[in-house]
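In what follows, chains carry the letters A, B, and so on, assigned in the order in which the sequence lines appear, proteins first and then strands, with residues in each chain numbered from 1.
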Amino acid sequence: MAVMNMVQAINSALALEMALDDRVLLLGEDVGRDGGVFRVSEGLLERFGAERVIDTPLSESAIVGAAIGMAAYGLRPVAEIQFMGFTYAAMDQLFTHAARLRSRSRGRFTSPLVVRTPYGGGIKAPELHEESSEAIFCHMPGIKVVVPSGPYCAKGLLTAAIRDPDPVLFLEPTRLYRLIKEEVPESDYLVPMGKARVARQGGSVTVVSWGSMLDTVLKAVEGRDAEVIDLLTLSPFDVETVLASVARTGRVVIVHEAVLSCGLGAEIAATIAEEGILHLRAPIIRVAAPDVTMPMPRLEGRYLPDAARIGRAVDQLLEY
Amino acid sequence: MAVMNMVQAINSALALEMALDDRVLLLGEDVGRDGGVFRVSEGLLERFGAERVIDTPLSESAIVGAAIGMAAYGLRPVAEIQFMGFTYAAMDQLFTHAARLRSRSRGRFTSPLVVRTPYGGGIKAPELHEESSEAIFCHMPGIKVVVPSGPYCAKGLLTAAIRDPDPVLFLEPTRLYRLIKEEVPESDYLVPMGKARVARQGGSVTVVSWGSMLDTVLKAVEGRDAEVIDLLTLSPFDVETVLASVARTGRVVIVHEAVLSCGLGAEIAATIAEEGILHLRAPIIRVAAPDVTMPMPRLEGRYLPDAARIGRAVDQLLEY
Amino acid sequence: MPETTLASHAIHRLEILGEDGDVDKALMPELSDERIVRMYEMMVLARSFDERAVTLQREGRLGTYPPILGQEAAQVGSASALLPCDWVVPSFREMGVHITLGYPIHRLFQYWGGDERGQRGPESLNILPICVAVGTQIPHGVGIAMAARYRRDPAVVCTYFGDGATSKGDFHEGLNMAGVFKLPAVFICQNNQWAISVPLKQQTAAATIAQKGVAYGIDGIQVDGNDIFAVYRATSDALAKARSGGGPTLIECLTYRIADHTTADDAGRYRTPDEVATWRRKDPLLRLERFMAGRGLWDDDVGRRVREEAVAEIDRAVLAMESAPQPEAEEMFTNTGATLSRRQIRQMEVI
Amino acid sequence: MPETTLASHAIHRLEILGEDGDVDKALMPELSDERIVRMYEMMVLARSFDERAVTLQREGRLGTYPPILGQEAAQVGSASALLPCDWVVPSFREMGVHITLGYPIHRLFQYWGGDERGQRGPESLNILPICVAVGTQIPHGVGIAMAARYRRDPAVVCTYFGDGATSKGDFHEGLNMAGVFKLPAVFICQNNQWAISVPLKQQTAAATIAQKGVAYGIDGIQVDGNDIFAVYRATSDALAKARSGGGPTLIECLTYRIADHTTADDAGRYRTPDEVATWRRKDPLLRLERFMAGRGLWDDDVGRRVREEAVAEIDRAVLAMESAPQPEAEEMFTNTGATLSRRQIRQMEVI
Ligand SMILES: Cc1ncc(C[n+]2csc(CCOP(=O)(O)OP(=O)(O)O)c2C)c(N)n1
Ligand SMILES: Cc1ncc(C[n+]2csc(CCOP(=O)(O)OP(=O)(O)O)c2C)c(N)n1
Ligand SMILES: [Mg+2]
Ligand SMILES: [Mg+2]
């Protein structure tokens, strides 16, 4: 065991998988010499060489597209997109190809690749550096979407993602990169995808969240009898864990950074409204960013859900 | 009045707006000489010339990107993407720029453009020619999303979209292009965006749908006391009309062609689960495509919701 | 110090087989009679496939189909130069490549009949699935080449696309990356001069596709795409260069799409019968027959026999396609991912 | 009939002002002393802005900021050639262009301080907002040029971007479209030889950015980007050509990013002090001062005065920026669209 922050934990997962499996290689902008703009791949070029830690030209679509080709050839590429706001340029490759290669070729070819990208707000960065558009990718069958909330699960989930036979979008909450430190095993281990984690137990209300919102949620529910579910895998999400909690509490708040409309919160609420409605004692409340363009740093504090808003939503539900 | 199919109605809207407003012009692949692969822009090149009906190179990103530039200059471009499956390449321009130009420049520049594209399944076409990924675009604040369900509303909505000061994604259900004929005024008129239409009145269950699913829904509910809401504008959708109907019926089925998870149905269900839950007498059911890659023609009949599935869902709800 | 010239980039064109069937002996690649006959048979087989596909579509037995008529030399000629270890990344109009490499013909029919199973080629063939989204396959070829080099495999990747595809961002990002990494890759543009209704001049102001290589520091060459020997030679040379570490090549095969864009298109709306007639006269098959006749490899009887054998093979493939069982709905699920989520399992049960 | 040469594309480089301050008289553009002094003042103002921005960032008074140090000649020189009717489509590292065109400096600070209001330029200036997503602004310049031509306006569009941006699909799609429509557009690449940690050689195998024009059938030229007269002249020529219907030009200003990529970067991780020192010696400002000194337009006093005035102007801008009221949360809503949905109105009330 060692104490690691999330950058170190991710770096450790990458290094171990590369050492264990020569099919694993990294590609992206500034991932080599610079070690990644957040230093996530620091030291890997020196250790594994330029053939496995590949600094690419500034071409998001070709980064993902080349990763697809590598995967089809039998490798296990891990592509980095420098910020989630720049994945939009690679959307076509992800949705048209990564997600569909297995289906299209009826299994003759697959695309076991990982796309890692810094995700989410709260870091006062320039425009497009704080996107949280996970819901878009959760609407793409054939792709899994994962968001760790701390160093331990980051390492275990990334390991699972790299070993997965299908494409995984791995979203790294930028705000948490160096915020949280945890005990993390130095050797490899798996945190299985598809399983949510109960981050806090409680009986009167269920709060579902993920990524960097989680610690805000935990602060917000202090002193309340709230169960907090950390989704971890967003697509496919762990319906059973959510429903089981709702069956006990009868009340749900879903919290995400993304704008409200058509966010992943909608899918979770809709699932509960179909499969768990008989347990509900109150409306399902979503606490999310408003349906506006993500603002620049000066207004981001007014945009992102904060503990006060989450707390109000929880209290409102507890009145039912 | 004249009897028109949807292709003619859209053509009529384009021709009228171009005649009325010299800021309106068209661009896209094969929109000129060929009149569009579905003949939607037939005759417009001859009438308005190559400066206003522009055959572009095969570059979806630049088609939308150039439209943004034109709009910023003060024009009202109508861009065609040949099939919705090829909008993914233009996603970056739509989300990063069209949706945000007004916000980014604090109103100094805006992007009053329309992107038209054939949408949806049921036409036995090659891969990527039958996409229905509207939910992705409904998660982009700053862009409106519209789907007509017949010639009359197609013309009125497109006219409204062209006159709108902000970007609109106009999805044209390909299966309906020549299927439905209606009386359509020859002169220009508006069907306002943001308002749903009650396509059929009823008291025991509300079915919400749009686009080419609508006529399947109408068939499916025959003989049942079902109210059918044709959403028309998907983003922002008409919450009030949906809630008002649910308040009366207490039962809801939402039907869409897109895959279930994170489809627009989720947003509608979540909205009802928050704002209309006290009226609900039954779970909210979504009838949608399964969470799999859209198949090619041979399996598409098994993929798209059909009247039988919709009917079963309605009957199931009526038992509550 | 004033205006200086940094470099000059010459663009070349290769022609070997003239319209009359004569060849430039100095440039003619070394090909045994047997191989030439084999290439001819493949061209005839490809054409027979194409004719049948159009007929089947008209009869409602196939979906929308994009004919290859006129492009057989560019396809058979380039594919004939490949080794079994090489990889092919096709667009959607290279059925002549598939056929030359021995891709099961009934599977091609199956695919164009709207059935994904047609895209599951044999394990022995390194051909990526047909790609409908124009140009988006190009970066895949780049990734495969990176992987092959990383593995020290001798494979070279041949990526095919049309003239229209060269306007897509993915063409650019892909070729630029191939240049930077000096990859074992050959990019073959089937420049048939039309992208549906858009003629080459409206597709790009560049006089050739070949010169687009200059932008990436990679060699580009134009060949007469209706000249099977020029295509073969340019491809062989590019493959050899790539295999020995010399990096990528962009080959422009200047040819012509004689038929409609697809069976859903009516090319009469946007181009003249004259233009089409001019190119019909440049038929790559006739040209090869003339050469073979001069060499004593062809006469009417040979032509008839090759044609009959091809048609018989196509007949068998149609039968195989049409006697295949219907796909099962479960296949949509089991092919989306290696494992199914609980939700997917439930959905599968309901459907 | 054998291998023929179709065309040859020469790539030229323009230099006028040497490092010693001498100019090539034959190539020197006609510029009054007054205009030269004005250009000098703008370079000093741009540099003063840049230095202050870095300082403010270090003090926590500004967000992440990308310095322009070393690129002032490329920016001031090109912007000085523009007419008021022209349009500018910037990337994120052309504050020297903004400043030359009279964009309010406090708004530039405001923007880099994380406030969208800084992007609302005056109506009189046709400058699109700063664009963070690399290269994605290029098609906007194309659309503006199409619109200007449709309107028969005399405007030419100058679109700026870096060397890294030339690897993006949008560069390709945009320039190709500009070529096809022969648009009144000038594309100016600030080739500062680095894209964060990626050097030019790993960005593209093309020896120059200028030669990328060949792919689009448009003229490309390389200029010494630290030579304000070469930049000015190439831009003027390209603008005049564009204005008279001669179509687009790609101008590569070969320069160097002396500072870190941004204040969040540490360039010491990936490049040598030697390389940076070499380019420091090519400082475009010193070079212009040497020329002006030779012409009697500059001495230490002039230098000091110009510098002091610039700093005073920057002081005023910082004050203006910092005394602006905080933006209101409502502005997020009222600027997303012209009208608000009921849901947005409700959200606005809650926030
Ligand atoms: C990205 C994308 N845009 C548009 C289409 C529709 N479409 C299919 S083929 C085609 C023209 C392709 O031209 P080219 O690349 O020259 O290939 P060709 O059809 O001539 O073989 C178009 C526009 C598509 N399939 N993919
Ligand atoms: C599409 C996109 N990808 C990645 C980034 C992150 N990023 C910001 S600037 C930059 C390098 C840009 O290089 P260049 O175009 O040469 O401009 P320069 O920074 O040298 O001025 C990168 C990778 C981005 N902003 N946009
Ligand atoms: Mg073509
Ligand atoms: Mg640069």
Side-chain angles (χ1 to χ4, degrees), chain A residues 60-61 85-96 99-100 102-104 127-128 133 135-142 235-237 252 254 258-278 280 282-286 289-296, chain B residues 60-61 85-96 99-100 102-104 127-128 133 135-142 235-237 252 254 258-278 280 282-286 289-296:
Chain A
E60 281 78 12
S61 186
F86 311 131
T87 59
Y88 307 135
M91 191 80 90
D92 195 17
Q93 286 296 335
L94 280 167
F95 198 16
T96 302
R100 305 187 204 214
R102 177 189 288 274
S103 172
R104 180 176 297 144
E127 244 199 309
L128 294 163
S133 43
I136 289 177
F137 300 91
C138 295
H139 194 49
M140 301 180 179
S235 179
F237 81 97
V252 194
I254 304 157
V259 299
L260 182 81
S261 291
C262 284
L264 178 60
E267 179 55 46
I268 298 167
T271 300
I272 299 168
E274 179 157 357
E275 302 178 37
I277 198 163
L278 301 180
L280 283 182
I284 303 173
I285 300 190
R286 291 176 286 162
D291 290 311
V292 302
T293 303
M294 167 102 207
M296 289 182 65
Chain B
E60 281 77 13
S61 186
F86 311 130
T87 57
Y88 306 135
M91 192 80 88
D92 194 18
Q93 286 295 336
L94 280 167
F95 197 16
T96 303
R100 306 188 203 211
R102 177 189 288 275
S103 171
R104 180 175 298 144
E127 243 198 311
L128 294 164
S133 42
I136 289 177
F137 301 91
C138 295
H139 194 48
M140 299 180 181
S235 180
F237 81 97
V252 196
I254 304 157
V259 299
L260 182 81
S261 291
C262 284
L264 178 60
E267 179 55 46
I268 298 167
T271 300
I272 298 167
E274 177 156 359
E275 302 178 39
I277 198 162
L278 302 180
L280 283 182
I284 303 174
I285 300 189
R286 290 177 288 161
D291 290 311
V292 302
T293 302
M294 166 103 205
M296 289 183 65

K.L.:
Please rank A/Gly85, A/Gly142, A/Gly263 by heavy-atom pairs under 4.5 Å with chain B and give me the top one.
P.N.:
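Option with the top pair count is A/Gly263.
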K.L.:
What are the two closest heavy atoms between B/Arg100 and A/Tyr88, and how far apart are they?
P.N.:
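Nearest heavy atoms, B/Arg100 then A/Tyr88: NH2-CE1, 3.9 Å.
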K.L.:
Report which part of B/Thr271 has an atom under 4.5 Å of a heavy atom belonging to chain A: side chain, backbone, both, or neither.
P.N.:
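The answer is both parts of B/Thr271.
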K.L.:
Would you give the length of the straight line joining atom CE of A/Met140 to atom OG1 of B/Thr293, rounded to the nearest 0.5 angstrom?
P.N.:
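Those atoms lie 11.5 Å apart.
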K.L.:
Within this structure, what is the CD1-CE distance for the pair A/Ile136 and B/Met91, rounded to the nearest 0.5 Å?
P.N.:
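The distance works out to 6.0 Å.
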K.L.:
Could you note down all residue pairs passing salt bridge (Lys or Arg N to Asp or Glu O under 4.0 Å) where residues 263-273 of chain A supplies at least one of them, sequence neighbours left out?
P.N.:
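Those involving residues 263-273 of chain A are A/Glu267-B/Arg286, A/Glu267-C/Arg343.
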K.L.:
What residue, out of B/Ser261, B/Ala269, B/Ser103, B/Ser61, has the most heavy-atom pairs lying under 4.5 Å from chain A?
P.N.:
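The residue among B/Ser261, B/Ala269, B/Ser103, B/Ser61 with the greatest pair count is B/Ser261.
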K.L.:
Check whether B/Leu280 gets within reach of chain A through its side chain, its backbone, both or neither, counting any heavy atom under 4.5 Å.
P.N.:
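B/Leu280 touches chain A through side-chain heavy atoms alone.
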K.L.:
If I compare all heavy atoms of A/Ala89 with all of B/Asp92, which pair ends up nearest, and what's the gap?
P.N.:
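Where A/Ala89 meets B/Asp92 most closely, the heavy atoms are CB-OD2, 3.5 Å.
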K.L.:
Considering only heavy atoms, which portion of A/Ala99 lies under 4.5 Å from any heavy atom of chain B: side chain, backbone, both, or neither?
P.N.:
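For A/Ala99, the backbone is the part near chain B, not the side chain.
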K.L.:
Counting only heavy atoms closer than 4.5 Å, note whether A/Ala90 contacts chain B via side chain, backbone, both or neither.
P.N.:
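Contact with chain B: none, neither part.
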K.L.:
For A/Cys138 and B/Cys262, which heavy atoms make the closest approach, and how far apart are they?
P.N.:
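Smallest heavy-atom distance, with atoms named: CB-SG, 3.7 Å.
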K.L.:
Which one, B/Val259, B/Ile285, B/Ile272, leads in non-hydrogen pairs under 4.5 Å with chain A?
P.N.:
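Looking at each option in turn, the highest pair count goes to B/Val259.
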K.L.:
Taking only residues at least two apart or on different chains, which pairs with a member in residues 268-278 of chain B satisfy salt bridge (Lys or Arg N to Asp or Glu O under 4.0 Å)?
P.N.:
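For residues 268-278 of chain B, and leaving out neighbouring residues, the salt bridge (Lys or Arg N to Asp or Glu O under 4.0 Å) pairs sorted by first residue read B/Glu275-D/Arg346.
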K.L.:
If you count heavy-atom pairs within less than 4.5 Å of chain A, which of B/Leu278, B/Thr96, B/Leu94 leads?
P.N.:
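Counting heavy-atom pairs under 4.5 Å, the top option is B/Thr96.
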K.L.:
Quick one: what part of B/Gln93 sits under 4.5 Å from any heavy atom of chain A, side chain, backbone, both or neither?
P.N.:
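Neither; nothing under 4.5 Å.
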